[in-house]
Number of protein chains: 2
Amino acid sequence: MLKYQQIANEIQQDIEKDDLQQGTKLPVLETFMTEYKTSKSTVIKALSLLERKGLVYQVRGSGIFVRRRSRKGYISFSNQGFSDELSEFDITAKVMELDIRKPPEDVAFNLKINPEEDVYYVKRIRYINGQTLCLEESYYNKSIVTYLNIEIATGSIFDYISNALGAKIGFSDLYLHIQKLDQEEAQQLQLKKGDPKLFVETIFYLNNGSPFDFSKVTYNYQQSQFFFQSTGHSL
Amino acid sequence: MLKYQQIANEIQQDIEKDDLQQGTKLPVLETFMTEYKTSKSTVIKALSLLERKGLVYQVRGSGIFVRRRSRKGYISFSNQGFSDELSEFDITAKVMELDIRKPPEDVAFNLKINPEEDVYYVKRIRYINGQTLCLEESYYNKSIVTYLNIEIATGSIFDYISNALGAKIGFSDLYLHIQKLDQEEAQQLQLKKGDPKLFVETIFYLNNGSPFDFSKVTYNYQQSQFFFQSTGHSL
DNA sequence: CATTATAATTATACCGTTATAATTCATCAA
DNA sequence: TTGATGAATTATAACGGTATAATTATAATG
């Protein structure tokens, strides 16, 4: 692991271990430099990483402070789709369908492939703490995700892609809509037709910019509590 | 303006001016170094900024490539709340209420003040292209936002806070819920009771970590098309 | 006591360099 | 043609330094 990531991890663990409260001031840069026997720029990189992850904020001339979320029970809505840190929840999945097929037009477009090329189609229902969380339909470019089975799809497909296939997941585009459930969706989510839903289309890219997964997810509004941290800075 | 921000701006303008397509390769670092007469690290900072803004992606050993969103008509959901680049839409606001009052308990809690301290309360309806976009109730810590009036609240309150008050806006926490409209909200948004809504509570902080604005926003589901880019990296 | 000026602290910008890792491209062999 | 090998390209990691800007603490001033 890279040095600055390692340092970031250790600082994060310290924050969590000591349960440091919002606004707690961390040691100054010099201290981290000597503690980790490294250069200033590496410490800065580590802290910038933690800042992007929403764990600290830095104030020039003043110091580095702990940033904490104040509410529990929200699904974090950050870098890796939603998959980040769902470990605090009990998430399971049931695979409804899994096959190889030709993609519909919109899927082919978003995956930037021809409609004749094969894709894996996976339909799952995901549960959170025993309740239906969402209905998920995913299409994987088969020339990238060369193999899938039910066992893999029951677990984390992304872990499989990263670890077994050795592909590097890069970034993603999310498109969010608020809509009403239709009859079929309502039935599968154990809700009523016309109930609210959060509908999310996501395109996942490898780190080289190739889209490999296009997915459409319908969330149960009763479980739809999401948390998102912005970090300002730019502009 | 800082050098690396300036460079980032110019590269961004070049991308937009030339309407570079997704995947277009940008010049190599060396080129930018000589073009902008600066060091490698400054160019890297500029490009990292553009990467966080979702405009480019970098592939080690390969190059720097243009990243473009593929859909129009979505409200960007990025750093500065929603306010970023709403310039592509015609957004207006009507102020329904504006007064100084004592905060309810949840507001005092989120703004980290005592219930006896004054806050500015602003209720607005915001319109997008003539349609109701959302219903917004905001509470501003009066010891930070010392003055507000209807004229200011009709425009961008954040611009006013940044420019007139000279405060530096830092980061924010967003909590998202999908719910059903009640009678009153439905009426104000010209929708029906029971229709879906996106309900967002946001706490905005200054760059020194002080919360100055707590707001509750109810979005019209018919206008609720949001776009969000993740950048991976971390873990 | 309040206000103002000054100094100390602290994070950030920026420079320039070396080393490293991923990718791409050219070369060669089978 | 295919595959393997190695070289060139390219972004990134990491070092360490100087200069700068924001904040905070301290001292001086009225």
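Annotation: A/Tyr57 is in aromatic contact with B/Phe171 [ring centroid separation under 6.0 Å].
Summarising the geometry, the separation between NZ on B/Lys168 and P on C/dA11 is reported as 16 Å, rounded to the nearest angstrom. Put simply, CZ on B/Phe65 is 12 Å from C1' on C/dA22, counting in whole angstrom units. The interatomic distance linking B/Ile7 (CD1) with C/dC14 (P) rounds to 8 Å, in whole Å. Remark: P of D/dG16 and CG of A/Leu29 are 15 Å apart, rounded to the nearest angstrom. Rounded to an integer number of Å, the gap from A/Ile64 CD1 to C/dT9 P is 16 Å. In this entry the distance linking CE of A/Met33 with P of C/dA11 reads 11 Å, nearest Å. For the pair B/Asn207 CG and C/dT10 P, the interatomic distance rounds to 18 Å; values are reported in whole Å. Whole-Å rounding puts the B/Gln58 CD to C/dA22 C1' distance at 14 Å.
For the side-chain contact (heavy atoms from CB on, under 4.5 Å) test, residues two or more places apart in sequence or in another chain that qualify with A/Leu165 are A/Val145, A/Thr146, A/Tyr160, A/Ile161. When the side-chain contact (heavy atoms from CB on, under 4.5 Å) test is applied to A/Ile128, the partners found at least two apart in sequence or on another chain are A/Ile75, A/Phe89, A/Ile91, A/Leu133, A/Gln223.
A side chain to side chain contact (heavy atoms under 4.5 Å, CB included) with B/Ile113 is found for exactly one of B/Ser210, B/Pro211, B/Ser143, B/Pro103, namely B/Pro103.
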What does the list of N/O pairs under 3.5 Å between the protein and nucleotides 13-15 of chain D look like, with a distance for each?
| residue | atom | partner | partner atom | Å |
| --- | --- | --- | --- | --- |
| D/dA13 | OP1 | A/Tyr4 | OH | 3.0 |
| D/dA13 | OP2 | A/Lys45 | NZ | 2.2 |
| D/dA14 | OP1 | A/Lys3 | N | 2.7 |
| D/dA14 | OP2 | A/Tyr4 | N | 3.3 |
| D/dC15 | OP1 | A/Lys3 | NZ | 2.7 |
| D/dC15 | OP1 | A/Thr38 | OG1 | 3.4 |
| D/dC15 | OP2 | A/Thr38 | OG1 | 2.5 |
| D/dC15 | OP2 | A/Ser39 | N | 3.2 |
| D/dC15 | OP2 | A/Ser39 | OG | 3.0 |
| D/dC15 | OP2 | A/Thr42 | OG1 | 2.4 |

Dump every N/O contact between nucleotides 24-27 of chain C and the protein below 3.5 Å, one line per pair.
none

How far apart are the C-alpha atoms of A/Tyr175 and B/Tyr74, what are their side-chain angles, what is the distance that settles it, and do they pass the ring pair (Phe, Tyr, Trp, His ring centres under 6.0 Å) test? CA-CA 8 Å; A/Tyr175 297 90; B/Tyr74 284 75; 5.0 Å; yes
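Smallest separation of non-hydrogen atoms from B/Tyr140 and B/Leu148: CD1-CD1, 3.9 Å.
The residue among B/Lys25 and B/Asn208 whose nearest nucleotide of DNA chain D is located toward the 5' end is B/Lys25.
The salt bridge (charged side-chain N to carboxylate O under 4.0 Å, His left out) pairs that include a residue from residues 7-33 of chain B are B/Asp19-B/Arg68, where partners are two or more places apart or lie in different chains. Residues in residues 141-163 of chain A take part in no salt bridge (charged side-chain N to carboxylate O under 4.0 Å, His left out) pair, two or more places apart or across chains.
Taking 4.5 Å as the limit, some side-chain heavy atom of A/Pro104 sits within range of a side-chain heavy atom of A/Tyr139.
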